[in-house]
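Note sheet for the following structure.
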Amino acid sequence: MLQFYNSLTRKKESFKPLKEGEVSLYTCGPTVYDEAHIGNFRTFMFEDLLKRVLILSGLDVKHIMNITDVDDKTIKRAADQNMPLQELTEKYTKMFYDDLEWLKIIPADDYPLATQHVDGMISMIASLLEKGHAYKDDDGSVYFKVASFPKYGQLSHLIFEEQQSADRMASDEYSKEAAQDFALWKGWKDDDGNVVWDAPWGKGRPGWHIECSSMSTEYLGDHFDIHCGGVDNMFPHHENEIAQSQCASGKPFVNTWLHSEHLMVEGGKMSKSEGNYYTVNELKSQGFTPENIRYQLLSGHYRTKINFSLAKKQEGEKIVKRLSEFKARLKAESNETKLGAEFPKEYQLFQENLFCDLDTPNALAVFFDYMRKINRKIDNDNMGEGEASAALLFIEKFNYIFGIIPDDNAIPGEIINLMNERETARLEKDWALADEIRSKIDSLGWNVKDTQSGSKLSKK
RNA sequence: GGCGUCGUACCCAAGCGGUCUAAGGGGCCGGUUUGCAAAACCGUUAUUCGCCGGUUCGAAUCCGGCCGACGCCUCCA
């Protein structure tokens, strides 16, 4: 049984999709004004984990992730770089897709672009105006009237008192009726240049929040199962989405909200404005593999803050290597794949942990315990009938969820030749030569292990 | 100021009132194995869970206070 911690109720709830066997999932995507950083990817990695666990449980998942390709930041960056908006956003969208692929994140079914869905946003805003949930401003902007939605604040549990917003009201350049009212549509200004759409109430561009409300409901229906994002999107973004969507459709919006905690660096939040962040490309050039990064991001629970540090690189490498060795050992152990092999009993426990609010730390612990047990059996030549096949089934599912075991590398002929030379030397007990060849193989990036069943090679 | 999270071994980290003399991983040290390595395995590394009180037959787990770290309160994954 699947259970998730719903941010809306702040409780773990058992999860039942609206349609049997199918899950509609919307995850907030990046604003493509710059390269995404590893903190952003923690959230995307968590969402990928969620999707994999849903699939593992036997559900079909329809996953939509938006791309914010128009907003204050993209417009400003494009202007700064003297570049058309679209050229800038296409460049970073491409980089984003590349990073996702490199990190082995399963692609969404669709990545709708905000700029291609402005019509839908305009009609949602029109409907909100019509129903009295929004009002126009002299400059062509349209604001959502928070006072018209009594349940506002249900997700973030914030209470809006006059004192709190008094300061901001005074310094606000817009003539909003209330400080917490937010822009559905931003009237055109000089800075916007040619970034402009026509709406019945005037030229301008959509506000940020309306984009997700409009696109999520367009692709998944007015009422769908799961919406995710980082904790910092809880307020105001998701709170505003709920208000807009429910007021526009008159129906419930999302059943389950899941939010991942921040990735920290040096004990503080990783963010663009602080400048304390790593991009995927930076980590790549530091020698991180996707498997290593996946391990760093998935070994802590998604609702706890985790600290990312370069110092953890060795730890990740060790884990990845151990798992790869284990897989290779199992393969050697089970020459023929037993048809109808069954999962070991530990697999049940592994799954239960994942189904209980994506408990990766405990799922990992279950797998490590199991791995030690099987390794011990192999050491003692004590494997039962079909046990290696069962273990291979388990490790395959394990890797489907975590994705931390790299694909096997083909061994180059040059290395094989060196290995053969070394075997000859060893048979002749020419240890000096054997050691020399081993260090040569080592320098070419491969490890040699002498086992009872012969020497084995593995990629470093 | 308001809302909220967290503080467990050298490091990361689970722990959802009793099976906790506290998982799992990394590291350290010792051992088995090995031509030597590597890998794997075995053993050791917290009588203790930020501090002080309280509730309870029983608390790392619940309550109160204090100290410390962090996040949100309309840029933000």
Side-chain angles (χ1 to χ4, degrees), chain A residues 10 12 27-31 33 36-47 71-73 76 146 153 156-161 163-165 168 172 176 179-183 208-209 228-237 239-240 259-264 267-274 277 295-296 299-301 303-307 309 311-312 314-319 321-322 325-326 328-329 353 356-357 359-369 371-380 426 429-432 434-435 438-439 442 447-452 455-456 458:
Chain A
R10 297 190 176 180
K12 265 188 211 169
T27 60
C28 284
T31 301
Y33 72 107
H37 60 63
I38 193 67
N40 302 121
F41 283 107
R42 184 203 181 168
T43 296
F44 303 134
M45 189 72 79
F46 138 71
E47 292 158 351
D71 80 321
D72 294 351
K73 289 187 300 249
K76 184 172 188 304
V146 166
S156 53
H157 300 258
L158 292 174
I159 297 157
F160 296 88
E161 302 291 347
Q163 302 96 314
Q164 185 201 345
S165 46
R168 293 183 187 274
D172 204 311
K176 292 191 281 187
Q180 67 265 39
D181 288 354
F182 55 90
W208 174 41
H209 316 298
C228 306
V231 275
D232 52 352
N233 273 165
M234 238 160 115
F235 188 85
H237 187 51
E239 195 70 62
N240 292 354
H259 292 96
S260 63
E261 252 300 348
H262 280 302
L263 186 68
M264 316 293 278
K269 177 179 155 185
M270 188 180 281
S271 76
K272 288 277 169 66
S273 48
E274 298 289 324
Y277 62 90
Y295 174 73
Q296 309 291 340
S299 59
H301 187 89
R303 283 192 286 116
T304 65
K305 296 178 183 76
I306 55 176
N307 216 326
S309 78
K312 279 196 202 160
Q314 271 71 26
E315 184 177 338
E317 277 169 359
K318 172 86 192 238
I319 300 292
K321 208 170 155 206
R322 253 188 96 186
E325 302 267 4
F326 181 53
R329 247 190 139 183
N353 278 303
C356 184
D357 200 32
D359 190 348
T360 49
N362 276 310
L364 274 174
V366 168
F367 191 80
F368 283 124
D369 276 336
M371 181 162 75
R372 189 152 27 82
K373 175 180 135 184
I374 294 298
N375 268 325
R376 193 189 307 135
K377 286 193 172 192
I378 298 175
D379 279 357
N380 298 331
R426 291 186 72 220
K429 298 202 191 291
D430 186 350
W431 308 124
D435 288 352
R438 180 168 59 196
S439 70
D442 181 83
N447 285 323
V448 179
K449 278 191 302 179
D450 300 326
T451 72
Q452 285 178 345
S455 298
K456 297 263 157 58
S458 61

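A, B, ... follow the sequence lines: proteins, then strands. Residue 1 opens every chain.
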I'd like to know if A/N307 reaches the base of B/C12 with its side chain such that a donor and an acceptor end up less than 3.5 angstrom apart. no

Review point. What does A/L263 touch in the nucleic acid at a heavy-atom separation under 4.0 angstrom: a base, only the sugar-phosphate, or nothing?
Key: base

Whole-Å distance, A/I319 CD1 to B/C11 P, equals 18 Å

Applying the 5.5 Å / 30° rule, does A/W431 stack onto the base of B/G35? yes

Winner on side-chain proximity to A/N375, out of B/U74, B/C72, B/C41, is B/C41

Margin query: Just N and O in the side chain of A/R322: are any of them under 4.0 Å from OP1 or OP2 of B/G26?
Written below: yes

* Asked: How is A/D369 classified with respect to the nucleic acid when contacts are heavy atoms under 4.0 Å: base, sugar-phosphate, or nothing?
  -> sugar-phosphate

Going by the angle between their ring planes, with limits at 30° and 60°, are A/H37 and A/Y277 parallel, tilted or perpendicular?
tilted

Would you classify A/K73 as touching base, sugar-phosphate or nothing, given that sugar-phosphate means primed atoms plus P, OP1 and OP2, and contacts are heavy atoms under 4.0 Å? sugar-phosphate

- B/A69 phosphate, OP1 or OP2: any side-chain N/O from A/K305 under 4.0 angstrom? no

Under 4.0 Å between a side-chain N or O of A/R372 and OP1 or OP2 of B/G25?
yes

Winner on side-chain proximity to A/M264, out of B/C70, B/G26, B/G35, is B/C70

Subject >> Nearest-Å distance once atom P is located in both B/G35 and B/G26 >> reply: 26 Å

For the C1' atoms, the ones on B/C73 and on B/U19, what distance do you get once it is rounded to whole angstrom?
44 Å

* Distance below 4.0 Å between A/R376 side-chain N/O and B/C42 OP1 or OP2 -> yes

Sticking with atom C1', work out how far B/G25 lies from B/A9, rounded to a whole angstrom.
13 Å

Please work out if A/K321 contacts a base, only the sugar-phosphate, or nothing of the nucleic acid, heavy-atom cut-off 4.0 Å. nothing

*Expressed as a whole number of Å, how far does the P atom of B/A46 sit from that of B/G24?*
14 Å

Item to complete: Could you tell me whether the phosphate oxygens of B/C36, OP1 or OP2, come under 4.0 Å of any side-chain nitrogen or oxygen in A/R426?
Response: no

Just call it for A/K318: base, sugar-phosphate, or nothing, with non-hydrogen atoms closer than 4.0 Å on any strand. sugar-phosphate

| Side-chain N or O of A/N447 less than 4.0 angstrom from OP1 or OP2 on B/A38? | no

*When we call it a touch if two heavy atoms are under 4.0 Å apart, what does A/V448 touch: a base, just sugar-phosphate, or nothing?*
base

Whole-Å distance, A/H301 NE2 to B/C6 P, equals 11 Å

- Message: Under 4.0 Å, counting only non-hydrogen atoms across every strand here, what does A/G300 touch: a base, just sugar-phosphate, or nothing?
- Response: nothing

